[in-house]
Undergrad: 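Take a look at the following structure, please.
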Amino acid sequence: MNQSVKDILGEVKKLAAEYYQLTAKPLGVTGEIGEFEVADKLGLELMEARSEGYDAINKKGPYRRVQIKTRRKLPDQSPGRVSKINTEKDFDSVMLALLDEDFEVKEIWEADREIVTKKLDEPGSISRNVRRQMGVTQFKSIAQKIWPN
């Protein structure tokens with residue numbers, strides 16, 4: 001990621017945190033911040049906006065098409081849910097970036113498509129089966145922590 005983008009994201013993080021403190025509403029930039037931070041930390045190549053099925057590709061090591069999900073956790077808040085995982089499109093894995101209240105990445109977790117799809121298809125949960133979502137804790141139980149290592 002070039003320095004200009006890093007500088008802009010640094011300002012966006014500050015503004016988004018301040019906006020939340022003033023309004024108790026998210027500014028709606030968490031996903032974009034997460035995608036850029038994950039790509040930067042892991043050396044992934046981001047795809048164009050609204051790419052079908054995946055957000056980035058890993059060209060270093062085994063080639064992988066990656067959906068990137070981001071979750072910001074505030075102090076004294078439950079871990080929450082991972083947003084919809086689109087299993088109808090092509091991808092190889094899902095990465096989950098966990099951010100702190102200042103939008104700084106604390107952990108990145110990764111799970112293979114097969115494991116994610118199997119978990120989402122387990123019977124008994126409308127969130128999993130219909131909305132294609134799962135809790136952060138559930139995701140971490142099927143994933144591997146890949147950053148920091």
Side-chain angles (χ1 to χ4, degrees), residues 1-17 20 26-122 124-125 127-149:
M1 174 175 12
N2 72 42
Q3 191 58 47
S4 295
V5 172
K6 285 183 181 182
D7 292 343
I8 291 169
L9 284 178
E11 291 300 314
V12 168
K13 289 176 183 182
K14 290 177 199 170
L15 291 171
Y20 188 85
L27 194 54
V29 295
T30 307
E32 291 296 324
I33 291 170
E35 286 182 15
F36 278 98
E37 292 287 345
V38 167
D40 186 52
K41 290 185 183 326
L42 301 178
L44 305 179
E45 181 181 320
L46 285 175
M47 306 310 298
E48 292 181 14
R50 314 295 183 259
S51 289
E52 291 281 322
Y54 53 98
D55 304 299
I57 54 174
N58 182 7
K59 289 185 173 180
K60 298 175 183 177
Y63 178 86
R64 295 177 71 77
R65 299 163 298 172
V66 181
Q67 279 191 40
I68 300 173
K69 303 297 179 182
T70 308
R71 181 73 184 154
R72 178 178 176 236
K73 185 182 177 305
L74 301 173
D76 303 323
Q77 182 186 57
S78 71
R81 303 193 73 68
V82 177
S83 62
K84 180 180 180 176
I85 299 171
N86 189 344
T87 56
E88 300 298 315
K89 305 290 182 180
D90 289 332
F91 69 96
D92 299 306
S93 69
V94 177
M95 289 185 185
L96 173 63
L98 299 175
L99 281 55
D100 66 13
E101 64 270 16
D102 296 320
F103 293 89
E104 297 300 327
V105 177
K106 293 300 172 193
E107 298 176 351
I108 302 171
W109 294 77
E110 183 176 26
D112 288 336
R113 176 193 181 107
E114 296 79 23
I115 296 168
V116 170
T117 302
K118 182 179 176 183
K119 184 69 171 176
L120 291 171
D121 289 341
E122 285 180 359
S125 170
S127 286
R128 278 195 321 266
N129 303 146
V130 177
R131 295 186 199 114
R132 308 307 274 171
Q133 299 175 332
M134 68 177 85
V136 168
T137 304
Q138 286 179 318
F139 185 86
K140 288 169 72 172
S141 75
I142 62 167
Q144 287 186 285
K145 184 177 176 185
I146 59 170
W147 189 93
N149 40 1

Undergrad: Go through E37 and I108 one step at a time and tell me if the side chain to side chain contact (heavy atoms under 4.5 Å, CB included) criterion holds.
TA: CA-CA 10 Å; E37 292 287 345; I108 302 171; over 6 Å; no
Undergrad: Please determine whether side chain to side chain contact (heavy atoms under 4.5 Å, CB included) holds for the pair V136 and L96, giving the CA-CA distance in whole Å, both sets of side-chain angles, and the decisive distance to 0.1 Å.
TA: CA-CA 9 Å; V136 168; L96 173 63; 4.1 Å; yes
Undergrad: Got a second to check how far F103's CZ is from L9's CG, nearest 0.5 Å?
TA: 11.0 Å
Undergrad: So does I115 get a backbone contact from the side chain of D112, meaning a donor-acceptor N/O pair under 3.5 Å?
TA: no
Undergrad: Which residues pass the salt bridge (Lys or Arg N to Asp or Glu O under 4.0 Å) test with E122, not counting sequence neighbours?
TA: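 With sequence neighbours excluded, E122 shows a salt bridge (Lys or Arg N to Asp or Glu O under 4.0 Å) to K119, given in chain and number order.
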Undergrad: Donor-acceptor pair, distance only, cut-off 3.5 Å: does the side chain of T117 make one with the backbone of E114?
TA: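 No: the side chain of T117 does not pair with the backbone of E114.
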Undergrad: Within a 6.0 Å radius of atom NZ on K145, are there more than 12 heavy atoms belonging to other residues, nucleotides or ligands?
TA: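 Enclosed.
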Undergrad: Applying side chain to side chain donor-acceptor pair (under 3.5 Å), name anything that partners R132, two or more places apart in sequence or on another chain.
TA: T87, D121
Undergrad: Using 0.5 Å steps for rounding, measure from the CD atom of E11 to the CG atom of D7.
TA: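 The CD atom of E11 sits 8.0 Å away from the CG atom of D7.
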Undergrad: Find the distance between CD1 (I8) and CZ (F36) and round it off to the nearest 0.5 Å.
TA: 9.5 Å
Undergrad: Taking all non-hydrogen atoms of both residues into account, name the closest pair between E35 and L46 and its distance.
TA: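 Shortest heavy-atom contact: O-CD2, 3.7 Å.
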Undergrad: Rounded to the nearest 0.5 Å, what's the gap from CE on M47 to CD1 on I68? Could you check?
TA: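 Here the interatomic distance stands at 11.0 Å.
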Undergrad: With rounding to the nearest 0.5 angstrom, report the CD1 to CG distance, I146 to L42.
TA: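 The CG atom of L42 is 5.0 Å from CD1 of I146, to the nearest 0.5 Å.
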Undergrad: Sequence neighbours excluded, which residues qualify as salt bridge (Lys or Arg N to Asp or Glu O under 4.0 Å) partners of K118?
TA: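 Salt bridge (Lys or Arg N to Asp or Glu O under 4.0 Å) list for K118, sorted by chain: empty.
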Undergrad: For residues 65-74, pull every pair meeting side-chain hydrogen bond (donor to acceptor under 3.5 Å, both in side chains), keeping only residues two or more places apart or in separate chains.
TA: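 Qualifying pairs, neighbours excluded: R65-D92.
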Undergrad: Give a yes or no answer on whether the side chain of D100 reaches the backbone of D102 with a donor-acceptor pair at less than 3.5 Å.
TA: yes
Undergrad: Can you find a heavy atom in the side chain of I142 that is under 4.5 Å from one in the side chain of M134?
TA: yes
Undergrad: Which pair of heavy atoms, one from F139 and one from V94, lies closest together, and at what distance?
TA: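 Shortest heavy-atom contact: CZ-O, 3.5 Å.
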Undergrad: Surrounding CD of E107 (heavy atoms of other residues, nucleotides or ligands, distance under 6.0 Å), is the total greater than 12?
TA: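 More than 12 within 6.0 Å, yes.
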Undergrad: Can you give the donor-acceptor pairs under 3.5 Å from side chains of residues 74-85 to other protein atoms, not counting sequence neighbours?
TA:
residue	atom	partner	partner atom	Å
Q77	OE1	L74	N	2.9

Undergrad: Once you round to the nearest 0.5 Å, how far does CD of Q144 lie from OG of S93?
TA: 10.5 Å
Undergrad: Could I get the full list of salt bridge (Lys or Arg N to Asp or Glu O under 4.0 Å) partners for E110, not counting sequence neighbours?
TA: R64
